[in-house]
Amino acid sequence: MRRRPRPSALAAGTVMAVLGLLGASCASSNAAGLVRQACQHVERSLRLYEQSLHEAPAQQAADQARAEAELQAAEAPVATAAGEDGRWQGLMTSLSQSIRVPESDLVGVLRVQCAPALGGGSGG
């Protein structure tokens, strides 16, 4: 004969399940805010980079350095977000490549990966 769980055990289990879901929701919400912050840096970087392509060499170098600094500023918030919500691992990886790969090679992928955070698509 099976013992029926006591009501207090059922209530405790239910409370724990609800708290777990709320915690996951908060983490996901926090991750979304961090990704939005990171993607704002990415957008500034891409704007500076594209602007630099039409400038004199001295200004081009300055704007490309500012663009690189914006990508570096995006790394910390997206790394935290990726730790909270695995959907942002790809964006974190792309940003980590920015020190080894020319920004021209990252423009398309960064736009696609930031589109959901900036209201331009879905997915992560």
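Please read all numbers here as calculations on a predicted model, not as lab measurements.
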Margin query: Do Gln64 and Ser52 pair up side chain to side chain, a donor and an acceptor below 3.5 Å, judged on atom types alone?
Written below: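 Yes - a donor-acceptor pair under 3.5 Å links their side chains.
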Item checked: Pair Gln113-Ser94, side-chain donor/acceptor within less than 3.5 Å -> yes
Nearest heavy-atom pair of [X] and [Y]: which atoms, and what distance?
X: Trp88; Y: Pro116; value: CH2-CB, 4.2 Å
X: Ala81; Y: Ala31; value: CB-O, 3.5 Å
X: Ser96; Y: Arg100; value: O-NH2, 3.5 Å
X: Ala67; Y: Tyr49; value: CB-N, 3.9 Å
X: Leu118; Y: Arg36; value: CD2-O, 4.2 Å
X: Ala79; Y: Met92; value: CA-SD, 3.7 Å

Check: Is Leu34 reachable from Leu95 through a run of I, L, V, M, F, W or Y residues, each pair having side-chain heavy atoms under 4.5 Å apart?
Finding: no
Checklist line | Sequence-distant partners of Glu70, side-chain contact (heavy atoms from CB on, under 4.5 Å), two or more places apart | finding: His41, Arg44, Ser45, Leu48
Next item on the list: Kindly write out the residues that satisfy side-chain contact (heavy atoms from CB on, under 4.5 Å) with Val112, not counting sequence neighbours, or none if the list is empty.
Entry: none
Notebook entry, point to check: Side chains of Leu106 and Leu46: does their closest heavy-atom pair fall under 4.5 Å?
Noted result: no
Check: Can Glu50 and Arg111 be counted as an ion pair, charged N to O under 4.0 angstrom?
Finding: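 Salt bridge between Glu50 and Arg111, a charged N being under 4.0 Å from a carboxylate O: yes.
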